[in-house]
Amino acid sequence: MIFACREAPSNHLVVGRIEGISQELLIERSVLKHLSRYRQLTPWSTEAGGQLFGTIDTDKVCVAEAAGPYAGDDRSRYRYRSNPVAAQCAIDQRFQRGLLYLGEWHSHAENQPNASGLDDDAMRRLIANSRLNSNTLLMLIVGRTLGVDGLSAWSIANARAYQWQLQALKK
Ligand SMILES: [Zn+2]
């Protein structure tokens, strides 16, 4: 299940593209399922979030697993920050199984989520502070609408945010 991205395309629920870039973003069904559990459907539900893991090659970025939220996270209606110890632990565990840390996910209390300026800043800070070789990070935001319409995906690279155009794949 972990390496499903290397298997048949039917395992992917969502594919993303950025104009002018040949690389595709593939998001596993199981990842979407995990994220949809944390949609902020009630007026009192707080933001949730965590880390994204998968594989990267020249053709595609494949999101195969999502971790979090964790005990000890900093969570409010409009803010999420992972417990740094728990997040690092999740990253180390996935790395031992051959999965790369790709970026972060969190929920928004809106139907169709937009990246806020705050999110941009947070992602730039993450890139600046990370020990990764990569200077690109993926950010998934989960809104209240179920499915691809309630999801937005961004890659932060060279201090710029690029939005992926997402599309649901047929079953
Ligand atoms: Zn946000």
Side-chain angles (χ1 to χ4, degrees), residues 13-19 21 25-54 56 61-91 94 99-132 134-168:
L13 182 62
V14 170
V15 61
R17 292 188 180 84
I18 295 175
E19 210 186 313
I21 292 179
L25 175 70
L26 296 170
I27 305 172
E28 288 280 339
R29 216 172 282 277
S30 59
V31 171
L32 268 293
K33 218 173 260 176
H34 181 87
L35 268 49
S36 73
R37 270 184 231 136
Y38 297 99
R39 287 178 299 138
Q40 290 174 260
L41 297 177
T42 66
W44 53 87
S45 45
T46 56
E47 283 197 8
Q51 284 66 44
L52 300 167
F53 304 93
I56 304 175
V61 177
C62 188
V63 187
E65 268 191 58
Y70 314 99
D73 290 343
D74 178 5
R75 295 174 66 173
S76 70
R77 183 75 177 159
Y78 299 108
R79 179 186 155 86
Y80 173 83
R81 217 170 259 201
S82 292
N83 171 348
V85 176
Q88 190 57 51
C89 185
I91 291 170
R94 293 330 182 273
L99 291 176
L100 298 173
Y101 166 67
L102 300 177
E104 307 273 320
W105 71 273
H106 69 283
S107 65
H108 268 192
E110 55 185 345
N111 293 340
Q112 282 146 1
N114 265 302
S116 63
L118 212 65
D119 292 331
D120 273 15
D121 292 348
M123 293 299 283
R124 289 202 189 97
R125 229 184 4 256
L126 271 170
I127 292 174
N129 297 337
S130 79
R131 294 176 285 147
L132 307 162
S134 169
N135 61 350
T136 301
L137 272 186
L138 184 67
M139 177 170 66
L140 285 187
I141 308 178
V142 189
R144 285 187 293 228
T145 303
L146 191 61
V148 71
D149 292 337
L151 188 72
S152 72
W154 306 76
S155 275
I156 317 291
N158 308 317
R160 255 200 71 183
Y162 301 85
Q163 184 169 15
W164 294 89
Q165 300 306 312
L166 300 178
Q167 194 189 337

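Order of appearance sets the numbers: ligands from 1, and atoms from 1 within every ligand.
Ring geometry for Trp105 against Tyr38 counts as tilted: the plane angle lies between 30° and 60°, on a 0 to 90° scale.
In summary, the side chains of Tyr78 and Ser76 do not present any donor paired with an acceptor at a separation below 3.5 Å, with no hydrogens or angles considered.
For the Zn ion (ligand 1), the set of protein N/O/S atoms nearer than 2.8 Å consists of His106 NE2, His108 NE2, Asp119 OD1, Asp119 OD2, ordered by chain and number.
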Got a list of side-chain donor-acceptor pairs under 3.5 Å for residues 137-150, not counting sequence neighbours?
{"unit_1": "Arg144", "atom_1": "NE", "unit_2": "Asn111", "atom_2": "OD1", "d": "3.1"}
{"unit_1": "Thr145", "atom_1": "OG1", "unit_2": "Asn111", "atom_2": "O", "d": "3.3"}

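Contact of the Gln163 side chain with the Ser155 side chain is not registered, since no non-hydrogen atoms from C-beta on lie closer than 4.5 Å.
Closest approach of Trp154 and Ala161 over heavy atoms only: CE3-CB, 4.1 Å.
A distance-only check finds a donor-acceptor pair linking the side chain of Ser107 to the backbone of Ala48 [under 3.5 Å].
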